[in-house]
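Presented below is the structure to which this report refers.
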Amino acid sequence: MAREAWALAETQHGVVSSDQLRRVGYTRQAIHHRIRTGRLHPLHRGVYVVGRSAVTDHGRWMAAVLACEGGVISHSSAAALWRMGLEERDLVELSLPSLSRRRRPGLRIHQRPSLRAPYITCEYGIPVTTPVQTLIDMSLRLDRSGVERMINEADKYNLAHPPHLREALEARAGDKGVARLRHILDRRTFRLTKEELERRFLPLAGQAGLASPLTGQFVNEFEVDFYWPYLGLVVETDGLRYHRTPAEQARDRLRDQAHTAAGLTPLRFTHEQVRYEPEHVLAVLRATAQMLAARATQSVAAAEAFRRPAIATK
């Protein structure tokens with residue numbers, strides 16, 4: 001019996017339930033004896049850590065599932081399990097696909113009869129909401145920047161790439177949380193046409209005190225979006241912030257490095273910033289234009305002082 005119990009605990013991150021122990025032959029008295037002698041350590045009602053009191057995060061999550069039959073790890077706990085986010089308040093969050101009103105100390109239980117099998121999976125042997133379902137759930141709780149961080153982490157760990165996430169959301173249209181997540185995703189992945197980009201960006205440049213730029217010029221062997229030769233300013237704009245390939249990211253760095261090495265000042269904005277955050281774009285352009293204009297004035301003054309003949313003193 002002991003060997004079977006230990007083998008079972010090893011597959012469950014060091015935890016077992018009393019029901020499981022009884023199924024391998026332990027009586028209630030035998031279980032209580034092992035609790036008294038320190039071989040079982042209660043974690044939840046009817047759930048124990050085997051052999052030691054310490055438990056890993058995976059053990060905590062597995063123990064929570066054992067304490068709530070039919071439960072699955074969800075919300076912030078699922079985000080932590082998938083490495084997309086942080087767990088809230090050290091409480092394990094679970095979803096029960098039933099209307100059970102059970103309560104357990106240290107657990108936050110969500111009643112979710114609508115949680116269907118396609119939205120549930122197993123990771124590390126632990127029942128948990130899928131990455132897509134976890135993103136949907138957390139989009140109702142986090143602010144936009146928090147959701148964006150989770151999308152980036154899901155992409156980073158190959159859990160849900162933005163194009164596939166967008167397809168999954170199309171199939172879930174009408175579900176709670178889907179519309180907000182889709183809106184955030186779309187804002188980051190859309191592209192303005194060249195004409196729309198210029199129509200929105202050029203007035204901002206004018207308000208920042210910049211003259212009309214050259215467009216579509218090749219500078220340091222790269223085609224740039226906007227170029228002010230007299231200031232040495234290059235502005236590039238990016239779409240598709242999510243899931244840029246390593247090759248694309250390396251090329252962006254190479255462009256910026258080439259411009260900097262040539263003595264230029266490169267700025268980079270996303271299409272989303274130009275469309276939805278024009279105040280931010282204007283503030284950065286204005287501050288940069290003022291800095292570069294002051295630098296140019298100082299350079300001219302220094303050059304004139306160098307050319308001016310020295311006045312002999314007696």
Side-chain angles (χ1 to χ4, degrees), residues 79 84-86 135-136 138-156 160-163 165-166 169 177-217 219 222-228 231-245 248-257 259-260 264-295:
M84 293 190 296
L86 300 176
L135 283 166
I136 292 172
M138 294 304 292
S139 72
L140 294 169
R141 183 179 298 180
L142 300 176
D143 59 16
R144 196 184 82 180
S145 63
V147 176
E148 288 176 349
R149 282 194 296 272
M150 284 193 63
I151 293 174
N152 281 326
E153 292 302 295
D155 189 17
K156 172 182 174 181
H161 296 307
L165 175 59
R166 190 65 176 78
L169 296 180
V178 167
R180 186 166 189 270
L181 181 56
R182 185 170 55 194
H183 175 70
I184 292 172
L185 188 65
D186 287 349
R187 278 186 57 162
R188 287 300 189 185
T189 57
F190 86 111
R191 287 192 69 95
L192 295 168
T193 64
K194 182 178 180 181
E195 294 75 15
E196 179 75 2
L197 175 63
E198 292 185 0
R199 185 176 70 80
R200 291 182 179 277
F201 181 82
L202 292 179
L204 296 174
Q207 292 177 52
L210 293 166
S212 296
L214 300 177
T215 59
Q217 298 290 304
V219 181
F222 294 99
E223 185 176 7
V224 302
D225 294 320
F226 306 100
Y227 179 42
W228 289 264
L231 288 177
L233 175 62
V234 170
V235 171
E236 305 270 36
T237 58
D238 300 323
L240 301 174
R241 173 180 172 181
Y242 294 128
H243 202 46
R244 293 180 66 78
T245 66
E248 290 172 325
Q249 296 174 34
R251 185 170 176 81
D252 288 344
R253 287 193 294 270
L254 183 62
R255 293 164 71 99
D256 292 345
Q257 291 163 359
H259 296 325
T260 300
L264 304 179
T265 299
L267 286 180
R268 190 173 293 276
F269 299 105
T270 65
H271 286 211
E272 188 261 354
Q273 287 176 314
V274 174
R275 171 65 178 84
Y276 294 103
E277 302 172 17
E279 299 83 2
H280 169 75
V281 175
L282 175 58
V284 173
L285 286 174
R286 180 175 288 145
T288 304
Q290 292 172 353
M291 180 268 293
L292 293 176
R295 183 185 298 173

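Here the CD-CZ distance, from E277 to F269, works out to 11.0 Å after rounding to the nearest 0.5 Å. For the atom pair CG of L231 and CG of L264, the computed distance is 11.0 Å after rounding to the nearest 0.5 Å. Once rounded to the nearest 0.5 Å, the distance linking CG of L197 with CG of L202 reads 8.0 Å. Atoms CG and OG1, from L210 and T288 in turn, are 8.5 Å apart once rounded to the nearest 0.5 Å. From Y227, atom OH reaches atom OG1 of T215 across 13.5 Å, with rounding to the nearest 0.5 Å. Note that CG of L285 and CD of Q207 are 10.0 Å apart. Values are rounded to the nearest 0.5 Å.
Considering only heavy atoms from C-beta on, E198 comes within 4.5 Å of K194 through its side chain. Contact check for P213 versus D225: no side-chain heavy atoms found under the 4.5 Å cut-off. In this structure the side chain of I151 reaches within 4.5 angstrom of the side chain of L181, judged on heavy atoms. Residues D186 and H183 have side chains not in contact (no heavy-atom distance under 4.5 Å, counting atoms from C-beta outward). Between L192 and T237 there is no side-chain heavy-atom pair separated by less than 4.5 Å. The closest side-chain heavy-atom distance from R275 to H271 is not below 4.5 Å. In this structure, the side chains of M138 and V147 stay at 4.5 Å or more apart for every pair of heavy atoms. Within the 4.5 Å cutoff, no side-chain heavy atoms of L142 are placed close to those of R149.
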Set out, in order, the CA-CA distance, both residues' side-chain angles and the distance that settles side-chain contact (heavy atoms from CB on, under 4.5 Å) for I136 and L169, then state yes or no.
CA-CA 9 Å; I136 292 172; L169 296 180; 4.0 Å; yes

Under the salt bridge (charged side-chain N to carboxylate O under 4.0 Å, His left out) rule, what do R144 and E272 come out as? Steps first, then yes or no, please.
CA-CA 13 Å; R144 196 184 82 180; E272 188 261 354; 3.4 Å; yes

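Between the side chain of E196 and the backbone N or O of T193, no donor-acceptor pair lies under 3.5 Å.
Across every non-hydrogen atom of L233 and T265, the tightest pair is CD1-O, 3.3 Å. Across every non-hydrogen atom of S139 and G177, the tightest pair is OG-O, 3.1 Å. Of all heavy-atom pairs between V224 and R255, the closest is CA-NH2, 4.2 Å. The two residues E148 and I184 come nearest to each other via the heavy atoms CG-CG2, 3.8 Å. Scanning all heavy atoms of the two residues, the minimum distance from L135 to A160 falls at CD1-CB, 4.4 Å. Considering every non-hydrogen atom in both W228 and A205, the closest pair reads CZ2-CB, 3.9 Å.
The side chain to side chain contact (heavy atoms under 4.5 Å, CB included) search around E153 returns M84, K156, Y157, not counting sequence neighbours.
In this structure, F201 and F226 have parallel ring planes: the angle between them is below the 30° cut-off, well short of the 60° mark.
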